[in-house]
Amino acid sequence: MLFLADGGGDRIKRRAIGAYLGLAVGDALGATVEFLTPNEIRAAYREHRDMTGGGWLKLRRGQITDDTGMALALGRSILATGRVDAGAAAEAFSDWMHRKPVDIGNTVRRGIASYRRTGVPEMAPNEYDAGNGACMRCLPVALATLGADIGTVNAANQAQAHVTHNNPISDAGTLAVLRMVQTGLLGGDRAALAALAAELVAQEPTYDYARRRSENPSAFIVDTLRTVFQSLFATDSFEAALIDCVNRGGDADTTGAITGMIAGALYGPTEIPSRWVRHLERDVRIACIEQAQALVRLAPICAVA
Ligand code: MN
Ligand code: MN
């Protein structure tokens, strides 16, 4: 692996930190305007571009929500077991729910409750469980499986996803996000990421994001990812992508979180505005940075160095 021999390992770790901080920053930025329409956001902020907290959850400035909270829980489970394990993930999600998170989706709550009742860390397939809850927390899988073959990435994705969301549309969209993050970590450009989005659209045409501008996106994974792709591919910086997507309102903390993890991998941590990063809570910022490095160390890409 040439890019590791010439110090590329450090570059990958830096970009992994970018992805994790990008997730947290996008979550915290978007949460302020979650469930508002673009018109309501314009009336209140003209353009929402600063960490202010507030929103329907009455957050402190820079406070993260379930998107980052569940990713950190999943990351802890991977670091504790050395792999992506459905049972360990379910246990970590259950712990997280026990600590009374500020928000939690219905499908997530149902999945965790089912695990507590049955001990089985996998929901039955359900065509309605196509919310964005499995995707919003997937980043640790992208980091821990970097360099693995696609079958391994896919299996790890499904192991964590099916704890709460067992749905082929969710699986396909989340796998595409994992591949986009990994491609960004390895130095791929926006065109390489767009090619992965095109592959997803070819496989699941419902993801076609070219047709019309997505506004006020719901928590349906297809709505969410159309918004993410439009913002990512219509802009050329981390800041512009995030501002574009959160100002579309709707499930803005989650479009922000997913755009943030991909854009953070693509552009790297130094492109994340410091006025956003510095408002993250200290323990969250440190956990993101530490997990990013530790998860990449576990990844196959590091084992070959
Ligand atoms: Mn949230
Ligand atoms: Mn959300």
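First listed ligand is number 1; within each ligand, the first listed atom is number 1. Predicted model, so just to flag it, every value in this text is computed and none were measured.
Arg213 and Gln230 share no donor-acceptor pair across their side chains, judged by distance under 3.5 Å alone. No side-chain donor-acceptor contact under 3.5 Å links Thr174 and Asn157.
Expressed to the nearest 0.5 Å, how far OH of Tyr20 lies from OG1 of Thr68 amounts to 8.5 Å.
With respect to the salt-bridge test (charged N to carboxylate O, under 4.0 angstrom), the residues Arg275 and Asp50 qualify. Salt bridge status for Asp95 with Arg76: absent, with no side-chain N to carboxylate O gap under 4.0 Å.
For Asp251, the N, O or S atom with the smallest separation from the Mn ion (ligand 2) is OD1. Counting just the N/O/S atoms of Asp253, the one with the shortest distance to the Mn ion (ligand 2) is named OD1. Counting just the N/O/S atoms of Asp103, the one with the shortest distance to the Mn ion (ligand 1) is named OD2. For Asp66, the N, O or S atom closest to the Mn ion (ligand 1) goes by the atom name OD1.
For residue Thr254, no N/O/S atom approaches the Mn ion (ligand 1) to within less than 2.8 Å. Between the Mn ion (ligand 1) and Asp67 there is an N/O/S contact shorter than 2.8 Å. Within the 2.8 Å limit, Glu34 places no N, O or S atom next to the Mn ion (ligand 1).
Using cut-offs of 30° and 60° on the angle between ring planes, the pair Phe35 and Trp56 is tilted.
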